[in-house]
Amino acid sequence: MKPGDHVFLVDGSSYIFRAYHALPPLTRKSDGLPIGAVSGFCNMLYRLLRETEKTEIGVKPTHIAVVFDASAITFRNKLYDQYKAHRPEPPEDLRPQFGLIRQAVKAFNVASVEQLGYEADDIIATYASQARAAGADVTIVSSDKDLMQLVGPGVVMYDTMKEKRIGEPEVFEKFGVTPDKVADVQALAGDSVDNVPGVPGIGVKTAAGLITEYGDLETLLARAGEIKQPKRRESLIEHAEMARISKTLVKLDCAVPLECPIDALAVASLDGVRLVGFLKTMEFTTLTNRVAAATETVAAEVKPVPVTIKFWPPGADGTGAVFAPAEDATGAATPMSGSSEAEAAPRRVTPSKTVSVAPGDFTPAQLVESRLAAAKEQPVDNTAYETVMSLERLDEWIAVAREAGHVAFDTETTSLDSMMAEMVGFSLAIECGRACYVPLAHRAGGTGLFDDGPIIGQIPFPEALERLKSLMEDESVLKIGQNVKYDAAIMARYGIAVRPIDDTMLISYVLDAGKGGHGMDELSERWLGHKPIAYKEVTGSGKAQIGFDRVPLDRATAYAAEDADVTLRLWRVLKPRLVASGLTTTYETLERPLVPVLMHMERRGIAIDRQILSRLSGDFAQGMARLEAEIHEKAGEPVNIGSPKQLGDLLFGKLGLPGAKKTATGAWATGADVLQDLADQGHELPRLILDWRQLSKLKSTYTDALPGYVHPETQRVHTSFALAATTTGRLSSSEPNLQNIPVRTEEGRKIRSAFVATPGHKLVSADYSQIELRVLAHMAEIPQLRQAFADGIDIHAMTASEMFGVPVAGMDPMVRRRAKAINFGIIYGISAFGLAVQLGIGREEAGAYIKKYFERFPGIRDYMEATKAACRRDGYVTTVFGRRAHYPEIAAKNPSLRAFNERAAINAPIQGSAADVIRRAMIRMEPALAAAKLSARMLLQVHDELIFEVPDAEIEATLPVVREVMETAAEPAVTLRVPLKVDARAAHNWDEAH
DNA sequence: CCTATATCGTA
DNA sequence: GTACGATATAGGA
């Protein structure tokens with residue numbers, strides 16, 4: 001580096017985002033791979049190398065580097081944890097382009113620089129400073145205002161898109177101060193994009209005035225008392241410390257310990273074959289020809305080079321998409337930073353043998369086939385994994401993950417409960433068979449209470465956590481997990497926000513709901529033909545079970561790394577199936593975004609009043625004891641009322657009561673329906689037993705059990721929502737199940753009243769009115785139903801009026817009740833038998849009702865027949881949003897099994913579409929509340945109801961927002977032919993809010 | 001100690 | 001008639 005040299009420093013990361021938004025979307029012709037940003041970048045870089053002398057800059061570079069952000073966390077996050085906290089995830093079609101642009105830089109034979117823990121801006125600042133010290137000139141290729149503080153003698157910026165030079169006058173125009181004071185102005189004004197706080201009430205204009213008047217930030221803060229405007233004076237005094245922190249955030253670091261020396265940035269000649277090969281792969285025809293001409297390369301003789309594509313473009317339906325190979329030998333052999341090959345080579349984890357395929361060779365379906373074949377071909381070997389015991393090795397694994405652009409991971413903990421579990425270690429997998437386990441908190445020895453302390457040689461927890469965080473929060477690396485909600489919840493407790501993500505469990509769920517479970521072991525056996533080590537095999541079970549922190553490292557590595565390896569393999573098989581099946585949009589709009597939403601809900605939990613529950617337990621116990629005594633007296637012998645077997649023997653054996661039925665296994669049936677019949681005939685014992693059962697149920701399942709779920713630290717109850725448990729798309733709730741809290745009886749509602757808002761808050765319950773019937777009215781296009789919903793008429797009364805020809809006004813409640821039962825029956829895939837049981841009438845009468853109903857609403861019968869036919873044809877049925885539910889036994893020989901599948905197939909699109917609607921509402925709720933500056937927190941979902949905790953002062957403002965989001969949740973994907981109606985109420989407890 | 005069954009709470 | 005999960009009992013290992 002010497003005077004007269006000219007260093008070009010390209011701000012790669014900001015260019016990517018700017019190009020993406022500024023340029024029209026562009027996809028590769030042969031397969032739809034998004035390449036708009038790559039194209040813009042290549043054209044720019046070529047012009048920089050070849051044509052800058054024709055621009056305002058007037059010179060060609062002697063040295064050039066493209067600088068990227070390597071990680072989401074830097075010293076600035078330690079200083080201020082909110083720094084860049086509100087960055088949205090990059091758009092789906094931009095993500096694969098990060099990696100491609102890095103590969104483009106190398107194809108241009110230009111240094112690509114990025115360093116862990118440093119922002120691109122700081123690296124640029126350091127190079128600029130070194131270049132100036134050596135007497136060279138600097139052009140920073142960026143329009144980012146954060147870099148403008150570097151402008152000065154010998155340093156200019158260049159905006160390639162506007163082809164505009166940014167020198168001191170331009171900086172002054174923007175900030176009202178000279179470049180050396182820009183950081184002071186930014187410190188005062190703050191920055192919403194980077195989430196730099198600044199001083200409230202002070203914008204760029206005011207800040208520039210103040211800095212001009214007082215000279216610099218410190219002087220201003222010292223003399224803030226002299227400011228005349230009272231508001232401004234107080235704000236400055238109060239927020240002086242925030243201003244100082246902001247200054248540190250915006251001030252660029254010129255002393256980054258550079259891994260790639262500045263002299264290594266010297267411009268090298270273009271390798272025509274290499275560059276043309278890359279450009280041909282990208283199918284940039286014009287640029288390919290220009291480069292070929294300039295480098296005297298015969299383009300026709302150059303083969304396209306394989307490139308690494310981090311993950312697939314979504315493709316709305318996937319039908320037309322074709323893919324380049326997901327990986328190849330060059331991807332792993334290409335250095336990622338400007339550091340030398342010699343230094344980079346030994347750090348690399350050796351790639352396994354991979355096949356190189358030219359782009360365009362695969363259709364999605366063929367890709368699925370080849371992936372399936374490959375999955376069976378390369379067996380899982382769980383003895384070949386690495387146990388990572390040094391920070392150096394961990395860094396190497398992370399570097400390889402960054403290069404690959406995706407990594408499968410798994411977290412090992414002390415508990416299955418994500419609110420309690422401590423992280424014990426984590427595993428990573430980068431390609432099939434190439435996985436490691438990083439133990440962090442394993443303890444030696446110990447079958448008893450005492451152990452021999454931590455195993456020595458493990459990486460210290462804080463250091464490992466820092467590295468893990470940088471990888472997990474790296475926007476350009478896709479994190480692949482199995483049931484990511486669990487791992488993300490654990491990591492959230494360690495201050496790590498995992499994103500972007502893919503979840504193999506959810507991919508499987510979208511593809512194969514109804515075809516079996518979606519647990520990892522099951523998927524592995526199904527798709528890979530491999531049975532992974534069972535958790536119990538390494539930890540034992542029952543009394544002898546040990547925590548994962550006591551599992552010896554070799555066993556732990558085999559188990560944990562295998563999980564990551566299997567997850568990666570599953571992803572490679574399942575992810576292309578999404579595109580091939582046209583389900584990418586379903587996955588990306590209804591499943592994946594719900595992961596953080598549910599994680600937040602689970603972590604918030606809900607408060608319960610333990611005093612209420614404890615009092616109820618006492619009341620119920622008393623009632624049970626009283627009933628028990630009476631039952632034993634009437635029975636004439638002691639009987640375990642909780643034992644259906646003993647009850648059956650007593651009632652139908654010893655006492656010989658009439659109406660005995662048998663269960664599927666031949667035992668006496670003693671269900672509530674049977675006992676109710678007997679009670680209605682005047683028998684006392686069944687009545688007493690029913691009462692006892694109710695109390696027993698409420699006590700054991702709710703009042704006794706719920707306090708045991710109160711978390712010791714949060715003092716709240718944290719349920720777990722399962723995303724992939726149902727065939728229809730509904731969520732489920734467990735440990736504890738908060739979706740079946742009693743509401744129908746007065747006694748039961750007392751339990752609901754124990755769910756309370758925290759002081760100063762209320763619970764808000766917002767529920768969809770008749771959502772399933774509305775969905776049915778939409779799908780089957782029933783004119784009377786649509787009209788009734790449009791007019792806000794009582795839907796069951798309308799049904800009764802249509803069927804029985806009676807006016808709605810003054811209707812007999814029994815008539816309405818019958819119509820209501822029929823409406824529910826329709827949703828459940830009605831049968832004469834079921835309706836008869838429900839209404840306590842004969843099969844013939846029930847059949848006549850159904851016939852009558854279909855006469856009045858022929859569209860419903862058409863819908864049902866069409867749904868069954870579609871299910872027989874496709875094996876699945878579809879919701880209005882495209883979710884599928886499979887019923888493989890729809891054509892079973894066994895008539896009752898077949899009928900059951902038909903009813904389920906009729907119900908699934910109705911229940912599932914409603915489930916999709918509320919999922920969409922939940923996904924939009926957090927941003928909608930944030931946009932309205934409301935602090936309401938979503939706590940629970942109960943299928944058609946959402947429960948929030950809202951500060952007292954915000955109730956009025958929150959209700960309309962919640963209602964609006966829920967009522968418009970179907971839009972714009974689907975325009976329902978009926979309106980959705982939401983009722984919302986606030987109260988101190990759940991009973992009163994509902 | 002583990003699993004199947006019956007029962008019953010919710011939408 | 002659909003979709004779930006929790007509990008207690010009972011029986012086999």
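- You'll find the side chain of A:Ile906 stays beyond 4.5 Å of the side chain of A:Tyr828, heavy atoms only.
- A close approach under 4.0 Å does not occur between any side-chain nitrogen or oxygen of A:Ser733 and OP1 or OP2 of B:dT10.
- Separating the CG atom of A:Asp673 from the P atom of B:dA6 is a distance of 13 Å, rounded to the nearest angstrom.
- Separating the CG atom of A:Leu698 from the C1' atom of B:dC8 is a distance of 10 Å, rounded to the nearest angstrom.
- Rounding to the nearest 0.5 Å places OG of A:Ser541 at 11.5 Å from CD1 of A:Ile546.
- Relative orientation of the A:Tyr535 and A:Phe548 rings is parallel, given thresholds of 30° and 60° on the angle between their planes.
- Between A:Thr665 and the phosphate of B:dA6, there is a side-chain N or O to OP1/OP2 separation shorter than 4.0 Å.
- In this model, the phosphate group of C:dC4 is approached by a side-chain N or O of A:Thr727 to a distance below 4.0 Å at OP1 or OP2.
- Atom CG in A:Leu695 sits about 18 Å away from atom P in B:dT7, given to the nearest Å.
- Between the side chains of A:Gln681 and A:Asp677, not a single donor N or O lies within less than 3.5 Å of an accepting N or O.
- Comparing A:Pro736 and A:Thr728, the nucleotide of DNA chain C nearest to each residue sits closer to the 5' end for A:Thr728.
- Put simply, CZ on A:Arg744 is 7 Å from C1' on B:dA11, counting in whole angstrom units.
- Between the CZ atom of A:Arg919 and the P atom of C:dA3 there is a distance of 16 Å, given to the nearest Å.
- Taking the six-membered ring where the residue is Trp, the centroids of A:Tyr849 and A:Phe804 are separated by under 6.0 Å.
- A:Thr726 has no side-chain polar atom (N or O) that falls below the 4.0 Å cut-off from OP1 or OP2 of C:dC4.
- Spacing between atom CZ of A:Phe900 and atom C1' of C:dT2 amounts to 8 Å, rounded to whole angstrom units.
- One donor-acceptor pair, N or O on each side, does fall under 3.5 Å between the base of B:dG9 and the side chain of A:Asn740.
- A:Leu675 places its CG atom 15 Å from the P atom of B:dA6, with the value rounded to the nearest Å.
- Here B:dC2 is the nucleotide among C:dA10, B:dA11, B:dC2 with the atom lying nearest to any side-chain atom of A:Ser541.
- As rounded to whole Å, 17 Å separates atom C1' of C:dA6 from atom CD of A:Gln694.
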